[in-house]
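In what follows, a single structure is set out as structure tokens and then discussed.
In what follows, every heavy atom counts, from backbone to side chain, and hydrogens, waters and symmetry copies are set aside.
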Amino acid sequence: MRVAISSDHGGNNLRKEIVNLMNEIGIEYQDFGPHTDDSVDYPDYAKPVADRVASGEFDRGILICGTGIGMSISANKVKGIRCALVHDVFSAKATREHNDSNILTMGERVIGPGLAREIAQTWLTEEFEGGRHEKRIQKITDLEK
């Protein structure tokens, strides 16, 4: 699995925590920054990750900002993206199993690093169940036309 990860300035610290987690569990990733604490605009960092996941260059993406909301809205504007804003482990599991989400967003100002690591690890290791959920995913895809 290849993961693209990025944040805005409000998610820098949490992004570094998730990068450390991916190193620990052996997930291949590319960090799209930012590599500064200067204020940046979250759509500028959401789009490259979403584009690369949508194209298949990366299997999944992780985006982090202050609340996760701006990143989630931005990523979901890209055709082919099913981005889930998650702040609990149950939702991380459910969104992979039922929604086949391909981008995870979290908010650094909403959750702490320990919970964020649990969420990310759950989301990275869960698989899509398929079956009855496949027609629902197709209906989501049909909304993009």
I want to check something: taking the side chain as every heavy atom from C-beta on, are [X] and [Y] in contact at a cut-off of under 4.5 Å?
X      : Y      : answer
Arg82  : Asp100 : yes
Val89  : Leu115 : yes
Pro34  : Tyr45  : yes
Glu28  : Met1   : no
Ile5   : Val49  : no
Ile137 : Phe128 : yes
Arg117 : Glu17  : yes
Arg60  : Val53  : no

Q) Phe32 vs Phe58 aromatic rings, parallel, tilted or perpendicular, using cut-offs 30° and 60°? A)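 Ring orientation, 0 to 90° scale: perpendicular.
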[atom2] on [Y] to [atom1] on [X], rounded to 0.5 Å:
X      : Y     : atom1 : atom2 : value
Ser74  : Asp44 : OG    : CG    : 9.0 Å
Lys16  : Ser7  : NZ    : OG    : 8.5 Å
Thr122 : Glu97 : OG1   : CD    : 10.0 Å
Phe90  : Asp88 : CZ    : CG    : 8.0 Å
Arg15  : Asp8  : CZ    : CG    : 9.5 Å

Grouping I, L, V, M, F, W and Y whenever their side-chain heavy atoms are under 4.5 Å apart, do Met22 and Leu14 come out in a common cluster?
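The answer is yes; both residues are in one hydrophobic cluster.
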Between Ile140 and Arg136, does a side chain to side chain contact (heavy atoms under 4.5 Å, CB included) hold up when you go through it step by step? CA-CA 6 Å; Ile140 292 171; Arg136 296 168 185 156; 5.7 Å; no
Check: Can you list the steps and then say if Val86 with Trp123 is a side chain to side chain contact (heavy atoms under 4.5 Å, CB included)?
Finding: CA-CA 9 Å; Val86 175; Trp123 186 81; 5.6 Å; no
Shortest non-hydrogen contact from [X] toward [Y]:
X     : Y      : answer
Gly80 : Asn102 : O-ND2, 2.9 Å
Gly61 : Val3   : CA-CG1, 4.3 Å
Gly33 : Ser6   : O-OG, 2.8 Å
Ile18 : Ala116 : CD1-O, 3.7 Å

Item checked: Pairing of Glu57 and Arg52 as salt bridge, 4.0 angstrom limit ->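 Yes, this pair counts.
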Margin query: Taking Glu144 first and then Lys77, would you say they form a salt bridge - that is, a charged N and a carboxylate O separated by under 4.0 Å?
Written below: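 Salt bridge absent between Glu144 and Lys77.
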Quick one: list whatever passes side-chain hydrogen bond (donor to acceptor under 3.5 Å, both in side chains) with Thr95, sequence neighbours left out.
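Expected list: Asn99, Ser101.
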Q) Glu134 side chain to Gly131 main-chain N or O, any donor-acceptor pair under 3.5 Å? A)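 Pair found, side chain donor or acceptor close to backbone of Gly131.
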Notebook entry, point to check: Is a donor on one side and an acceptor on the other found under 3.5 Å between the side chain of His98 and the backbone of His133?
Noted result: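 Looks like no, no N/O pair under 3.5 Å.
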Show your reasoning for whether side-chain hydrogen bond (donor to acceptor under 3.5 Å, both in side chains) applies to Asp37 and Asn12.
CA-CA 7 Å; Asp37 289 328; Asn12 265 346; 3.1 Å; yes
Residue of the set Leu124, Ile62, Leu104 for which side chain to side chain contact (heavy atoms under 4.5 Å, CB included) holds with Ile119 =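 The side chain to side chain contact (heavy atoms under 4.5 Å, CB included) with Ile119 is passed solely by Leu104 among Leu124, Ile62, Leu104.
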*Show your working on side chain to side chain contact (heavy atoms under 4.5 Å, CB included) between Met106 and Ile111 and close with a plain yes or no.*
CA-CA 8 Å; Met106 295 183 286; Ile111 58 173; 3.9 Å; yes
Just list the side-chain donor-acceptor pairs under 3.5 Å for residues 64-73, sequence neighbours left out, or say none.
| from | atom 1 | to | atom 2 | distance (Å) |
| --- | --- | --- | --- | --- |
| Thr67 | OG1 | Ile69 | N | 3.1 |

| query | Hey, mind stepping through Gln138 and Asp142 against side-chain hydrogen bond (donor to acceptor under 3.5 Å, both in side chains) and telling me if it holds? | reply | CA-CA 6 Å; Gln138 185 57 52; Asp142 291 345; 2.8 Å; yes
